[in-house]
Amino acid sequence: IRDALKMFFRVEGLRIDAVETAEEGLTALGKQAYDIIIAERQLPGMDGDRFFEHIHERCPDTFKILMTACASPTPPEGRYVDAYLEKPISAKHIKECLTHCMERRK
């Protein structure tokens with residue numbers, strides 16, 4: 001999925017960094033800011049929920065999108081997730097989710 005997302009965003013002309021683990025993501029976040037971060041709920045090591053909690057502490061304005069097999073219309077209490085991408089994902093779903101995030105930013 002990570003490689004497919006990289007290809008999708010590059011084709012759309014957007015800059016993307018892709019990492020394999022939450023720990024690598026936190027290291028990358030220490031080097032630069034990101035507008036949107038997309039992560040899988042099931043990650044090696046730290047899970048996606050805990051990963052987004054760390055991100056929220058560092059960068060509360062960064063949009064956090066969680067990919068999951070079972071989506072929720074709104075983030076459960078205590079979770080630092082702005083939106084969900086329900087698997088299987090499609091280009092249409094990604095675009096809708098990103099549009100939603102950008103509209104919320106305005």
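Just so you know, residue 1 is the first one in the sequence shown, and it goes up from there.
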Restricting to side chain to side chain contact (heavy atoms under 4.5 Å, CB included), what partner residues turn up for R2, sequence neighbours left out?
A18, E20

L26 backbone acceptor or donor facing R58 side chain under 3.5 Å
yes

Can you check whether [X] reaches [Y] side chain to side chain, under 4.5 Å on heavy atoms?
| X | Y | result |
| --- | --- | --- |
| V19 | T27 | no |
| E40 | K87 | yes |
| I65 | V81 | no |
| F8 | I94 | yes |
| L66 | L85 | no |
| L98 | I36 | yes |

Quick check: closest heavy atoms across I16 and L5, and the distance to 0.1 Å?
CD1-O, 4.0 Å

Between [atom1] on residue [X] and [atom2] on residue [Y], distance to nearest 0.5 Å:
| X | Y | atom1 | atom2 | value |
| --- | --- | --- | --- | --- |
| F51 | T21 | CZ | OG1 | 8.5 Å |
| K64 | I38 | NZ | CD1 | 13.0 Å |
| C59 | L29 | SG | CG | 4.0 Å |

Taking only residues two or more places apart in sequence or in another chain, which ones pass ring pair (Phe, Tyr, Trp, His ring centres under 6.0 Å) with H56?
Y80

With no hydrogens and no angle check, do the side chains of Q32 and Y34 hold a donor and an acceptor under 3.5 Å apart?
yes

Please determine whether residues M67 and M7 belong to a single hydrophobic cluster, defined as Ile, Leu, Val, Met, Phe, Trp and Tyr linked transitively by side-chain heavy-atom distances below 4.5 Å.
no

Salt bridge check, D49 against R41: does any charged N sit closer than 4.0 Å to a carboxylate O?
yes

